Amino acid sequence: MTFFRKYFVDTSGSHKFFFRKKPRPEPKTPNLNSADAPFFCSTRFPLQIRAGSGSSHLPESGTVLPIKIHRDEESGKILNLVFVWAEDGMKLKVDVPVVFKGEDACPGVQKGGILNKIRPSLRFLCPSEHIPSNIAVDVSNLDIEDRIFMRDIEVHPSLKLLSKNENMPVCKIVPTSLGNKEPIEA
């Protein structure tokens with residue numbers, strides 16, 4: 001996405017700057033329709049700020065990470081996106097979504113249990129060039145009452161989990177009825 005800088009001079013001679021959000025087609029333009037996708041706020045995008053409409057002068061450009069999406073409450077349309085600079089080497093705190101894989105092959109689910117997704121995302125401090133778009137958690141070997149803890153998740157060595165308790169579960173297979181670990185007979 002490209003943002004254009006407009007320069008105005010009013011009659012009193014003071015100068016005013018403002019940024020007008022005006023998308024201009026470019027390769028790797030973020031799809032704002034996918035801003036609801038869980039990976040949107042953990043994906044870096046190139047940003048170019050141009051001197052004016054149609055200008056080829058780039059006063060500033062770099063890589064950014066969306067951190068907040070402001071929406072109209074009634075229509076759901078995006079009103080504002082908040083970005084932070086995310087150049088290589090910068091360390092950022094990022095909420096990375098957790099994706100659960102293998103639920104259909106999970107023995108605990110096949111026995112009638114339910115996958116309780118306790119943590120939909122995990123917060124990491126990581127270099128911007130190593131921000132994962134998501135964390136895949138394999139649940140295909142879990143039985144009823146089994147769980148996966150934060151400490152069990154393998155990530156790039158440069159990522160630091162920002163949690164006071166690494167012994168918290170990310171997910172757990174819970175029985176469908178209390179006290180019964182076998183499927184309920186109909």
Side-chain angles (χ1 to χ4, degrees), residues 1-6 17-51 55-73 75-103 115-139 147-172:
M1 178 172 280
T2 302
F3 292 89
F4 298 98
R5 178 181 277 186
K6 289 284 188 179
F17 290 93
F18 76 96
F19 290 95
R20 183 179 67 185
K21 294 179 184 175
K22 183 178 178 185
R24 184 175 180 189
E26 290 181 4
K28 296 185 181 179
T29 299
N31 180 0
L32 295 183
N33 295 328
S34 67
D36 288 327
F39 313 141
F40 184 76
C41 285
S42 60
T43 303
R44 297 185 327 155
F45 298 101
L47 175 75
Q48 296 180 341
I49 301 174
R50 297 194 183 268
S55 173
S56 61
H57 177 63
L58 290 172
E60 199 153 0
S61 67
T63 306
V64 294
L65 180 74
I67 58 169
K68 194 164 200 166
I69 302 170
H70 298 268
R71 295 184 176 275
D72 182 89
E73 290 182 18
S75 68
K77 290 184 179 180
I78 295 174
L79 300 174
N80 186 37
L81 289 172
V82 179
F83 294 95
V84 293
W85 291 109
E87 298 297 335
D88 288 351
M90 293 178 74
K91 290 200 172 197
L92 301 169
K93 292 178 183 177
V94 182
D95 289 319
V96 181
V98 177
V99 176
F100 298 95
K101 306 230 180 222
E103 187 174 354
L115 176 62
N116 182 6
K117 301 172 184 176
I118 299 167
R119 298 293 302 246
S121 67
L122 297 173
R123 189 168 194 94
F124 289 96
L125 176 66
C126 55
S128 65
E129 65 270 17
H130 293 218
I131 297 172
S133 60
N134 63 66
I135 302 289
V137 175
D138 182 17
V139 296
R147 53 189 96 185
I148 295 178
F149 296 95
M150 288 186 203
R151 68 175 182 263
D152 300 328
I153 296 175
E154 294 181 20
V155 294
H156 191 276
S158 65
L159 274 66
K160 180 183 177 197
L161 181 64
L162 296 177
S163 174
K164 294 179 182 174
N165 186 359
E166 291 184 358
N167 294 321
M168 286 193 58
V170 174
C171 66
K172 176 181 177 180

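As the structure is a computational prediction, the values presented were derived from the model and not from experiment. Positions are given from 1, in the same order as the sequence printed here.
- Here the closest heavy-atom approach between residue His130 and residue Leu159 is recorded as O-CD1, 3.5 Å.
- Panel note: side chain Thr63, backbone Ala86; no donor-acceptor pair is recorded below 3.5 Å.
- Considering every non-hydrogen atom in both Gly62 and Glu87, the closest pair reads CA-OE2, 2.9 Å.
- Expressed to the nearest 0.5 Å, how far CD1 of Ile153 lies from CG of Leu161 amounts to 8.0 Å.
- A donor and an acceptor atom, one from each side chain of Ser158 and His156, are located under 3.5 Å apart.
- Atom CG of residue Asp72 and atom NZ of residue Lys77 lie 8.5 Å apart, to the nearest 0.5 angstrom.
- The residue from Asp95, Leu162, Val155, Leu92 that alone fulfils the side-chain contact (heavy atoms from CB on, under 4.5 Å) condition with Phe124 is Val155.
- Heavy atoms only, all atoms of each residue included: Ile49 and Pro59 are closest at O-CD, 2.9 Å.
- Between Lys160 atom NZ and Arg123 atom CZ the span is 13.0 Å, to the nearest 0.5 Å.
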Legend entry - Leu58 and Arg50: CA distance, side-chain angles, deciding distance, side-chain contact (heavy atoms from CB on, under 4.5 Å) verdict: CA-CA 5 Å; Leu58 290 172; Arg50 297 194 183 268; 3.6 Å; yes

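- Considering every non-hydrogen atom in both Cys171 and Phe100, the closest pair reads CB-CE2, 3.5 Å.
- Summarising the geometry, atom CD1 belonging to Ile69 is positioned 5.0 Å from atom CZ belonging to Phe40; distances are rounded to the nearest 0.5 Å.
- The residues Arg147 and Asp152 are annotated as not salt-bridged, no charged nitrogen and carboxylate oxygen being separated by less than 4.0 angstrom.
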Inset, instruction - Show your reasoning for whether side-chain contact (heavy atoms from CB on, under 4.5 Å) applies to Val170 and Phe149. - result: CA-CA 5 Å; Val170 174; Phe149 296 95; over 6 Å; no

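- When atom types are taken as modelled, the side chain of Arg44 and the backbone of Leu65 share no donor-acceptor pair closer than 3.5 angstrom.
- In this structure, the separation between CD on Glu60 and CD on Gln48 is 11.5 Å, given to the nearest 0.5 Å.
- Two residues are said to be in side-chain contact when any heavy atoms from C-beta on lie closer than 4.5 Å; Phe83 and Leu47 fail this criterion.
- Note that NZ of Lys93 and CG of Leu125 are 7.0 Å apart. Values are rounded to the nearest 0.5 Å.
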Inset, instruction - Would you check, one step at a time, whether the test side-chain contact (heavy atoms from CB on, under 4.5 Å) holds for Lys117 with Val98? - result: CA-CA 9 Å; Lys117 301 172 184 176; Val98 177; over 6 Å; no

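- The shortest heavy-atom contact between Ser42 and Ile131 is O-CG2, 3.5 Å.
- Heavy atoms only, all atoms of each residue included: Thr43 and Pro66 are closest at O-CD, 3.3 Å.
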